[in-house]
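I have placed the structure first, in the form of structure tokens, so that the comments after it can refer back to it.
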Number of protein chains: 2
Amino acid sequence: MAEKTKPSRRQRERQRHRSEIVDAAMRLFAEKGFHNVSMQEIAVEAEFATGTIYNFFDSKETLYREIMDEVADNVLSLVKPILEGETDEREKIAGFIRASIRIFQENSAAIRLFLRANQGPLAHVSTAHFSGTAAKVHDILQAMLKQVFAAGVRKGLFRPIDPCVVAPALDAALRAIVFSAAEDVQDSALEEKVAGIEELFFRGILHDAWNLAACVKAASDREES
Amino acid sequence: MAEKTKPSRRQRERQRHRSEIVDAAMRLFAEKGFHNVSMQEIAVEAEFATGTIYNFFDSKETLYREIMDEVADNVLSLVKPILEGETDEREKIAGFIRASIRIFQENSAAIRLFLRANQGPLAHVSTAHFSGTAAKVHDILQAMLKQVFAAGVRKGLFRPIDPCVVAPALDAALRAIVFSAAEDVQDSALEEKVAGIEELFFRGILHDAWNLAACVKAASDREES
DNA sequence: CGTCAATATGAATGGTTAGTCATATGGCGA
DNA sequence: TCGCCATATGACTAACCATTCATATTGACG
């Protein structure tokens with residue numbers, strides 16, 4: 001199927017140019033958002049002419065999508081082995097949390113794209129706030145997490161939590177921490193913070209068993225007044 | 001200071017028109033994002049002429065900002081009494097979680113704005129991903145949450161968690177759940193899901209005390225291979 | 001009514017930018 | 001060395017859209 005035998009001179013050059021464009025575009029999109037970057041800017045940043053970009057990508061939107069997809073695939077390939085290994089569900093979750101540090105640190109520019117993704121050319125109210133493959137990848141990740149949680153519950157490792165609650169919660173909480181750290185200059189505390197998330201998720205915030213039901217009731221009573 | 005005595009006919013009309021424009025703009029911005037909505041569209045949606053909008057707002061950006069600010073203030077005013085009451089820190093957190101349902105449900109369109117906020121005319125890498133007052137409000141909310149957590153830890157109600165980790169984590173997790181529910185048609189499960197978050201945060205996912213440290217070590221060993 | 005001030009109107013303006021295309025370039029085989 | 005083809009170029013076009021402003025409408029008040 002795939003021709004492995006022909007990375008001719010021309011072809012390799014072309015591929016290099018392509019990736020230079022992608023790099024430049026990624027930097028700019030990540031920094032300023034889709035609508036605030038013109039093809040001119042991208043061209044200048046990549047040291048090509050405007051028209052050249054259109055030899056590689058049909059439209060600005062296509063370029064954007066391809067970048068998103070690339071990043072998404074990359075992230076997924078890093079996370080997948082962790083969540084699908086043969087280990088204990090508890091270790092999978094812990095491993096996922098710890099891996100997030102590296103993944104998000106290494107792709108921090110790329111990930112910013114996802115933060116800024118909401119603005120994209122997609123005006124729709126898609127399930128996630130991403131577009132195209134990126135949305136699928138997000139869904140896949142969520143699905144994997146849910147499965148791990150479900151398995152953990154089945155085996156009695158976790159309390160009978162709802163995977164559809166915990167999976168997005170973990171994902172969102174992690175993102176919040178990692179991104180806020182990525183934006184500050186001093187990301188020194190990142191490791192500790194992620195460890196904090198880990199503990200939070202595994203053990204909760206309470207010191208001892210506390211009568212949750214009573215509190216909830218009190219709160220809703222107060223609400224009605 | 002504030003003249004309470006003069007909502008004359010003219011003035012009241014003007015105010016009504018203004019809020020009709022705000023409503024229309026909010027609907028559109030929430031649905032399609034700042035850049036994908038033209039002043040024309042807003043004018044049509046609000047049943048005014050383009051120029052009329054400029055009698056109320058200096059620019060598109062001003063309009064956007066004012067909407068954001070309005071929503072932010074509204075949300076803050078709902079949350080503040082819960083977090084600053086005289087109750088137990090545990091109840092404050094529980095109350096905050098439960099209140100989020102109502103708040104986000106009632107302003108679901110408005111809140112979508114915050115989701116889409118990243119795109120705004122602000123290209124900067126601001127601390128939060130919001131602009132202007134909205135950013136401040138977000139910070140204020142976070143600060144209040146942190147204080148509650150810190151107080152809870154001090155009183156021994158919570159384990160020695162880091163407020164700077166837990167506050168954003170709770171916020172992000174809640175948002176993730178509420179928004180995903182808001183986007184699905186069947187939000188029937190929302191109450192249960194939020195209750196799930198509550199339990200998750202208070203008690204964690206583990207059934208029993210489990211040797212977290214060992215797991216962490218195993219995971220990082222594996223990482224190095 | 002008639003007048004005036006406040007407000008609404010929407011066609012016109014100017015600036016921006018995605019995307020095109022006729023032309024130039026340069027590597028490569030003959 | 002020559003000519004060819006893949007690729008690069010960047011001035012140009014067409015569309016879009018925020019904003020303006022000369023004009024029309026409204027409704028309050030004498």
Side-chain angles (χ1 to χ4, degrees), chain A residues 3 6-26 28-29 31-68 116 119-123 131, chain B residues 3 5-29 31-68 116 119-123 131:
Chain A
E3 288 292 350
K6 278 185 186 174
S8 80
R9 175 59 160 273
R10 269 291 178 47
Q11 308 247 328
R12 270 180 293 127
E13 278 271 288
R14 188 175 171 79
Q15 212 48 36
R16 200 168 49 76
H17 289 178
R18 190 194 143 97
S19 79
E20 273 169 23
I21 292 171
V22 167
D23 280 359
M26 194 161 80
L28 292 173
F29 282 148
E31 185 189 355
K32 321 201 330 184
F34 182 83
H35 286 286
N36 300 314
V37 173
S38 70
M39 291 303 258
Q40 289 280 353
E41 277 182 272
I42 296 173
V44 169
E45 176 85 9
E47 291 174 295
F48 284 106
T50 355
T52 308
I53 298 181
Y54 287 90
N55 289 334
F56 293 90
F57 305 94
D58 287 344
S59 69
K60 189 184 178 186
E61 188 173 337
T62 303
L63 171 57
Y64 182 76
R65 280 209 135 84
E66 294 215 15
I67 292 176
M68 293 288 285
R116 301 217 175 284
Q119 36 96 312
L122 100 158
S131 57
Chain B
E3 287 291 351
T5 50
K6 277 185 186 174
S8 78
R9 174 60 158 274
R10 267 290 177 50
Q11 309 247 326
R12 270 179 294 128
E13 278 271 287
R14 188 175 172 79
Q15 212 48 38
R16 200 168 49 76
H17 289 178
R18 191 195 141 97
S19 79
E20 273 167 25
I21 292 171
V22 167
D23 280 358
M26 193 162 80
R27 271 196 301 276
L28 291 173
F29 282 147
E31 186 189 354
K32 320 198 335 179
F34 183 82
H35 286 286
N36 299 313
V37 172
S38 70
M39 292 302 259
Q40 289 280 352
E41 278 182 273
I42 296 173
V44 170
E45 176 84 9
E47 291 174 296
F48 285 105
T50 355
T52 307
I53 299 181
Y54 287 88
N55 289 334
F56 294 90
F57 304 94
D58 286 344
S59 69
K60 188 184 177 185
E61 189 173 337
T62 302
L63 171 57
Y64 182 76
R65 280 211 136 84
E66 294 216 15
I67 292 175
M68 293 288 286
R116 300 216 176 283
Q119 36 98 311
L122 100 158
S131 57

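Proteins come first, then strands; the chains are lettered A, B, ... in the order of their sequence lines, and each starts at number 1.
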What is the distance, rounded to the nearest whole Å, between atom [atom1] of [X] and atom [atom2] of [N]?
X       : N      : atom1 : atom2 : answer
B:Gln15 : C:dT7  : CD    : P     : 11 Å
A:Asn36 : C:dT17 : CG    : P     : 9 Å
A:Gln11 : C:dG27 : CD    : P     : 17 Å

Letter by letter from the 5' end, nucleotides 8-30 of chain D scores (B base, S sugar-phosphate only, - none; protein heavy atoms under 4.0 Å) BBB-------SBB------SS--

Charged N to carboxylate O below 4.0 Å: is that the case for A:Arg10 and A:Glu13? no

Could you pull out all donor-acceptor pairs under 3.5 Å where a side-chain atom in residues 41-51 of chain A meets a protein atom, sequence neighbours excluded?
from, atom 1, to, atom 2, distance (Å)
A:Glu41, OE1, A:Ser38, N, 3.1
A:Glu41, OE2, A:Lys32, NZ, 2.6
A:Glu45, OE2, A:Arg27, NE, 2.9
A:Glu45, OE2, A:Arg27, NH2, 3.1

What residues form a side-chain hydrogen bond (donor to acceptor under 3.5 Å, both in side chains) with A:Arg18, not counting sequence neighbours? A:Glu66

What orientation do A:Phe29 and A:Phe34 show, parallel under 30°, tilted 30 to 60°, or perpendicular over 60°?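 Parallel.
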
Tightest non-hydrogen contact, residues A:Met39 and A:Lys60, listed as SD-CG, 3.7 Å

